[in-house]
*Asks:* 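Here's a structure for you.
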Amino acid sequence: MNTTPTVLLANPRGFCAGVDRAIEIVERAIERFGAPIYVRHEIVHNRHVVETLRARGAIFVEELDEVPDGAVVVFSAHGVAQAIHERARARGLTVLDATCPLVTKVHHEVQRLHRQGYDIVMIGHRGHPEVEGTMGQVPDRIHLVETEEDVARLTLDPERCAYVTQTTLSVDDARHIIERLTARYPRILGPKKDDICYATQNRQDAVKQLAAQCDLVLVIGSPNSSNSNRLREVAAALGIPAHLIEDETALTAETIRNARRIGLTAGASAPEELVRRVLARLQELGAAEIAELPGVAENVRFTLPKTLTEAT
Ligand code: 0CM
Ligand code: SF4
């Protein structure tokens, strides 16, 4: 089949307010304190973002023990357990907390529920740093649920239980798990709907619209980015072939063979610069028209930590 594919861009896509803030914290910390600045865990789950900041003087580590005494350390957007805050304090490290305020909000909720004696369910993905950070807000009585099947294995106090969620879950998967939970524990407390953030919700809505009009969907994002993986899954669940790609180098003529309408979106941690590079590559491979879908405007902005905004 000889076709000239067109490209449709999802809207919104790419950076969210929490990612903007986290990157700015690292950039400003380097300006204010000088390199090197230590960052515990990838500031956001994107290889390009990490490499760019590394070139400017950020040193990425997985454990606080790797941060030397007297250094400045930034905590990633995904948040950290209380034990890590305490260890940093005990060592006298200068901490800049880049945890997304929407993740911090869930941390506070978990602490409050624990103080009030609730058994807490955390709906999320095992091993993800946000899940470790949120569950690590309290010493006990918090249980991870990853799937609908996990709900059957819970033994909660039916009169005093509550749930919170990871911020980057699939909206549809989370709803199904919450339905199971409320069927088993009718008195369970929870947020109005879930703790999925506005950016995750909007990007999933946008990729659904996109997939409905395309025969191939490309999602720009790194393999460890939860929200980016969910975008690919949402498109695939609608029966549209969908690929998660790090950047334009993943694309060959084979990837887009027979596609007439290619949908393109980007996870919350993927820079718009990569969207431009992928578009340029698609044009090299023969794509013609490029159009952007209409979408909701996002006006969310978060303030920076005071240490970085106060005059020296
Ligand atoms: O949580 P996730 O893996 O999607 O993280 P990310 O760094 O890709 O996206 C932004 C965030 C947060 C918290
Ligand atoms: Fe915050 Fe949502 Fe962005 Fe994560 S994806 S950093 S929770 S706004």
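Just follow the structure's listing: the first ligand is 1, and inside any ligand the first atom is 1.
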*Asks:* What are the atoms of ligand 1, with element, lying closer than 4.0 Å to any heavy atom of Val44?
*Replies:* 7 (O)
*Asks:* Below 3.5 Å, N or O to N or O, backbone or side chain included: is there any such pair between His45 and ligand 1?
*Replies:* yes
*Asks:* May I ask you to say whether Arg203 pairs ionically with Glu298, meaning some side-chain N is under 4.0 Å from a carboxylate O?
*Replies:* yes
*Asks:* Relative to the heavy atoms of Ala77, which atoms of ligand 1 are at a distance of less than 4.0 Å?
*Replies:* 13 (C)
*Asks:* Where the side chain of Asn227 meets the backbone of Thr168, is there a donor-acceptor pair that is under 3.5 Å apart?
*Replies:* no
*Asks:* How long is the straight-line distance from CD1 of Ile188 back to CG of Leu181, given to the nearest 0.5 Å?
*Replies:* 4.5 Å
*Asks:* Provide the tally of protein N/O/S atoms nearer than 2.8 Å to atom 1 (Fe) of ligand 2.
*Replies:* 1
*Asks:* Charged N to carboxylate O below 4.0 Å: is that the case for Asp194 and Arg175?
*Replies:* no
*Asks:* For the atom pair OG (Ser225) and CZ (Arg232), what is the distance rounded to the nearest 0.5 Å?
*Replies:* 12.5 Å
*Asks:* Fit a plane to each ring of His85 and Phe75, take the angle between them on a 0 to 90° scale, and name the class: parallel (under 30°), tilted (30 to 60°) or perpendicular (over 60°).
*Replies:* perpendicular
*Asks:* Looking at Glu149, I'd like to know if its CD atom is crowded, meaning that more than 12 non-hydrogen atoms belonging to other residues, nucleotides or ligands lie closer than 6.0 Å.
*Replies:* yes
*Asks:* Quick check on contacts: which atoms of ligand 1 are under 4.0 angstrom from a heavy atom of His78?
*Replies:* 1 (O), 5 (O), 6 (P), 7 (O), 12 (C), 13 (C)
*Asks:* Should we count CZ of Arg187 as having more than 12 external heavy atoms under 6.0 Å?
*Replies:* no
*Asks:* Just heavy atoms, cut-off under 4.0 Å: does Asn227 contact ligand 1 by side chain, backbone, both, or neither?
*Replies:* both
*Asks:* Counting neighbours of CZ on Arg257 that are heavy atoms of other residues, nucleotides or ligands and sit closer than 6.0 Å, is the number greater than 12?
*Replies:* no
*Asks:* Show the nearest heavy-atom pair for residues Tyr163 and Ile123, with the distance to one decimal.
*Replies:* CD1-CD1, 4.2 Å
*Asks:* I need the contact type for Asn224 against ligand 1. Using non-hydrogen atoms and a strict under-4.0 Å cut-off, is it side chain, backbone, both or neither?
*Replies:* backbone
*Asks:* For ligand 1, which atoms, with element, lie under 4.0 Å from some heavy atom of Val19?
*Replies:* 10 (C)
*Asks:* Geometry only, no angles: is Gln166 polar-contacting ligand 1 at N/O separations under 3.5 Å?
*Replies:* no
*Asks:* Are Leu189 and Cys161 side-chain neighbours, meaning at least one heavy-atom pair lies under 4.5 Å?
*Replies:* no
*Asks:* Thr167 versus ligand 1: do any nitrogen or oxygen atoms come within less than 3.5 Å of each other?
*Replies:* no
*Asks:* Does the pair Glu24/Arg21 count as a salt bridge with the N-to-O cut at 4.0 Å?
*Replies:* no
*Asks:* State the atoms of ligand 1, each with its element, that fall below the 4.0 Å cut-off from a heavy-atom position in Ser269.
*Replies:* 6 (P), 7 (O), 8 (O), 9 (O)
*Asks:* For atom 3 (O) of ligand 1, which of the options Cys197, Ser76, Ser226 provides the nearest non-hydrogen atom?
*Replies:* Ser226
*Asks:* Would you mind listing which atoms of ligand 1 come within a distance below 4.0 Å of any non-hydrogen atom of His128?
*Replies:* 1 (O), 2 (P), 3 (O)
